[in-house]
Amino acid sequence: MSGSASSVFFGLTTMAYILAMVLYIGYLAFRKKAIGLVATAVTIAGFVSQTLAILLRWKDFYDIGQMGWLRAVPLTNLYESLIFFVWCLILAYLVIEYKYKTRTFGAFITPVAALVLGFIDLSGMSKNIQPLVPALQSNWLLAHVMMSFISYSMFAVSFSTGLMYLIVRTEKRSEPAYIFWTVMLSIFIIVLCAMGLDYLTFKLSVKSQEELIKSFLFKATFRSSSSGVAVASYAIAAGLTFVIWRFGGVLKRLVTGFNMSAETLDEITYRSIAMGFPIFTLGGLIFGAIWADQAWGKYWTWDPKETWSLITWFFYAFYLHSRLMRGWRGKKVAMVAVLGFIAVIFTYLGVNLLLSGLHSYGSQ
Amino acid sequence: MENEKKKSVIDWVWDLFASVKFAVVIFTVIALTSMVGTIVEQNVEPEKNLKVLAKMFGESAAPTLYGILDKLGFMDMYHSWWFVTFLLLFAANLVICSLDRLPRILKHVKEKIHPMSEEYIERMSIRKTVSIKGKPAGLTEQAAAAIGKIGFRPGRSETEKGVQFYAEKGNFTRLGVYITHLSILVILSGAIIGVYFGFGAFLNLPEGQTTSVAYTNRGTEVPLGFEVRCDNFEVDYYGETDMPKAYKSWLTVFKNGKEVAHKVISVNDPLTYEGITFYQSSFGSLPDAMDRGVVVLNLVSRDGKNEQVNTRVGGTFTMPGTAVTGKITNFSPALSFDESGRPFTYDQNVSNPAIYVEFSGEGGKPFAGWIFKRFPQTWNLPDGSRVEFKDFWGVQYTGLQVRRDPGVLLVYLGCIFMAIGLYITFFMSHKRLWVSLVEEKGSTKVLIGATANKNRASFEKDIEKLAGLLDEARKGGK
């Protein structure tokens with residue numbers, strides 16, 4: 001049946017992106033053009049397979065729901081939205097690779113894609129097609145969710161180029177911008193590792209991903225019932241941060257070795273935000289408000305998801321305006337771009353997993 | 001700029017509000033304070049937030065912290081005086097920075113493009129030179145046509161050594177930012193109108209009942225100015241699950257005793273009458289009404305005669321054209337069978353109603369069994385006749401959100417402005433170009449200079465195209 005066909009294609013996609021990740025990193029290390037070409041080919045193959053998988057799932061959903069194509073869009077739970085996010089991200093990356101004729105980003109973007117798809121498989125989140133609750137049965141669903149995720153992937157691109165910009169542009173270890181990016185990178189890695197440990201430790205005792213995060217977040221490390229483990233976790237986290245801070249220069253040599261000019265990175269950061277911001281405003285905030293008005297009679301209720309979208313919006317408004325201020329171009333705005341994406345992650349995942357609200361259906 | 005004169009307080013305040021720095025400070029303040037309200041749940045009973053605070057800061061600190069946060073208005077922070085003040089400062093900042101910059105921008109917009117000297121063109125951010133055989137006079141037509149092809153209508157001026165064309169497009173796009181800023185003000189004013197002249201209330205209306213008031217969250221009555229009746233309420237489920245697919249209410253509106261409106265509403269499809277809108281929001285059952293609930297049955301005899309009857313739990317009915325009678329002796333709002341086949345009620349909501357009917361009369365074996373509303377296969381009787389369980393009416397209420405918001409039109413208008421403003425700001429630009437044809441040793445030097453205030457890359461492509469077109473003109477114009 002097509003249901004299994006779509007999961008076969010999803011499996012192929014995951015493998016393709018993992019392979020592409022290896023190839024892009026290999027390309028970065030060995031600088032052989034042939035490796036780069038194969039990496040691009042594998043990424044495109046993965047992208048085509050993912051597109052097919054999404055379309056097949058869309059068809060399955062349509063067959064089950066019987067509510068028309070527009071309402072059968074497979075974007076109604078965490079699993080589907082993560083898949084679509086990866087799809088947008090890869091599309092954005094392929095456009096950048098084509099436009100800027102560089103494959104360096106591949107080594108930064110494909111790991112994100114592979115990591116997200118791996119996270120889906122490891123966490124065992126529900127992949128079932130779930131029928132729509134009445135509130136989601138609206139034609140706004142397609143426009144609102146799709147545009148939100150397109151903007152999220154734009155912001156993800158600006159996050160990675162912003163971070164790379166900081167890596168390239170910082171010199172001294174005492175510089176605030178240097179400390180900022182090393183600490184950000186450390187937190188990113190530490191949170192991922194800590195969540196991975198939570199999963200490995202507690203996966204047998206919980207029923208759902210949501211429960212795992214709600215009740216066991218950092219319970220295996222920082223919030224462990226054994227104070228020894230907790231203290232050791234903090235010590236390891238501090239140690240890791242120190243190592244990244246001490247040897248951040250290695251990353252800089254890696255990125256600069258690929259003649260990624262700081263100007264190009266700054267330009268891509270700006271351009272992806274300049275694309276993402278209007279799409280986010282229209283699709284995320286405005287369409288969301290119109291839909292809420294039609295469904296509940298309230299276009300704005302300050303529920304956590306809405307509030308966090310607004311916070312994200314203010315972060316990027318900050319970014320766009322700070323470029324107009326004297327002395328803010330360069331490192332400072334790059335830091336704002338990085339922080340903006342952290343707000344995006346919280347809007348997307350944090351609110352659903354940690355806070356409650358009208359959007360909580362997205363957490364299954 | 002160093003200003004010798006001492007600035008007055010008003011100037012100082014004006015400059016502060018007009019500065020980008022003040023804008024980003026306001027952004028930050030609103031963003032950071034907003035975060036608190038997503039962690040501390042808004043407008044809930046104190047226990048909930050005490051629990052959250054105890055989890056984060058420990059049992060002992062929670063009550064004190066709660067007290068402080070409560071005093072500061074954090075339990076309903078988005079309506080607190082200080083948060084509203086931030087929003088007003090944000091609005092003031094938008095107004096003042098727009099007024100401050102508008103004259104300069106308007107000058108840019110109104111300013112007509114005029115010819116430029118060659119030296120000036122050569123210093124422009126986008127430039128291109130093409131050399132073409134023949135005198136400038138013979139090339140002017142082609143040059144004008146080529147400029148027209150990339151979407152500009154050029155002006156023309158004669159120079160000492162030849163001809164210059166100049167053109168511009170999108171002057172008004174410099175106003176895009178102001179449209180966006182204005183749209184925020186429009187949305188905020190719509191929101192204020194909504195707060196002062198609108199209301200939000202709810203209504204739990206049982207099937208068959210009529211009301212002329214709704215209730216606020218605090219329980220006070222809000223008169224509607226007309227009456228509304230819930231004629232019927234239905235839930236559709238996905239297959240055999242208890243997952244609602246849709247829920248609908250049949251509403252009728254009466255004004256001065258006359259029926260004036262009727263609509264079947266569902267989630268995402270409300271009813272509006274005289275500015276008041278009824279949204280389908282929830283539903284529930286009325287446990288006390290179960291005995292009085294009307295059981296609607298459609299009885300179909302073996303030979304196809306059918307008859308609709310309304311009865312009750314405990315009531316009896318006769319199959320059409322026969323002497324067989326049925327008596328409803330038991331009932332469940334949500335019936336299921338356990339592993340050993342014993343019936344049990346799994347929910348107090350009317351999610352899977354079933355009646356137990358005992359049949360008797362006209363010889364044959366007496367028959368008794370459960371008949372489900374949601375499962376037609378249980379409607380068939382052993383003797384070939386059928387009891388269709390159509391409805392169990394009067395036992396549910398429909399939960400409605402009732403709102404009036406006269407500001408919502410302004411909010412929508414603001415949203416449209418914002419979409420237009422953002423599109424202009426991010427995807428359009430003020431483009432200007434100059435094409436100078438100069439005679440040089442018997443041939444013509446074509447000097448192209450161009451500027452764009454944004455999106456230079458795409459304009460550069462247009463200029464490339466223009467140079468290409470002029471190059472072709474050389475071949476055609478021999």
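Below, read A as the first sequence line, B as the second, and so on, with proteins coming before strands; counting in each chain starts at 1. Basis for what follows: all heavy atoms, side chains included, without hydrogens, waters or symmetry-related copies.
Of the atoms belonging to B/Phe202, not a single heavy atom falls under 4.5 Å from chain A. Proximity to chain A (any heavy atom under 4.5 Å) is restricted, for B/Phe427, to the side chain, taken from C-beta onward. Residue A/Asp293 touches chain B through both its backbone and its side chain, counting heavy-atom pairs closer than 4.5 Å. With a 4.5 angstrom heavy-atom cutoff, B/Met77 does not touch chain A via any of its atoms. Only the side chain of B/Tyr412 comes within less than 4.5 Å of a heavy atom in chain A; its backbone stays farther off. In this structure, chain A has a heavy atom under 4.5 Å from the side chain of B/Gln401, while its backbone stays farther away. When heavy atoms are compared at a cutoff of 4.5 Å, B/Ser281 does not approach chain A at all.
Here B/Lys248 does not pair with B/Glu234 in a salt bridge; the nearest charged N to carboxylate O distance is not below 4.0 Å. The existence of a salt bridge linking A/Arg323 and A/Asp266 is confirmed by a sub-4.0 Å separation between a basic side-chain nitrogen and an acidic carboxylate oxygen. Salt-bridge formation is detected for the pair B/Arg456/B/Glu460: a Lys NZ or Arg NE/NH1/NH2 atom is positioned less than 4.0 Å from an Asp or Glu carboxylate oxygen.
A search for salt bridge (charged side-chain N to carboxylate O under 4.0 Å, His left out) contacts involving B/Asp269 returns B/Lys263, not counting sequence neighbours.
Chosen from A/Phe315, A/Trp302, A/Phe318, A/Trp313, the residue pairing most often with chain B at heavy-atom distances under 4.5 Å is A/Trp302. By number of non-hydrogen pairs under 4.5 angstrom with chain A, the leading residue of B/Tyr423, B/Tyr247, B/Tyr78, B/Phe278 is B/Tyr78. Ranking A/Thr307, A/Leu285, A/Leu282 against chain B, the residue ahead of the rest is A/Thr307, based on heavy-atom pairs under 4.5 Å. When B/Val411, B/Thr277, B/Leu32 are compared by the number of non-hydrogen pairs under 4.5 Å with chain A, B/Val411 comes out ahead.
Within the 4.5 Å cutoff, side-chain heavy atoms of B/Phe27 are placed close to those of A/His321. Contact check for B/Arg374 versus B/Tyr237: side-chain heavy atoms found under the 4.5 Å cut-off.
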Indicate every side-chain donor-acceptor pair of residues 186-195 of chain B with a distance under 3.5 Å to a residue at least two apart or in another chain.
residue  : atom : partner  : partner atom : Å
B/Ser189 : OG   : B/Leu185 : O            : 3.1
B/Ser189 : OG   : B/Val186 : O            : 2.8

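The aromatic rings of A/His144 and A/Trp291 stand perpendicular to each other, their planes meeting at an angle above 60°, with 30° marking the opposite boundary.
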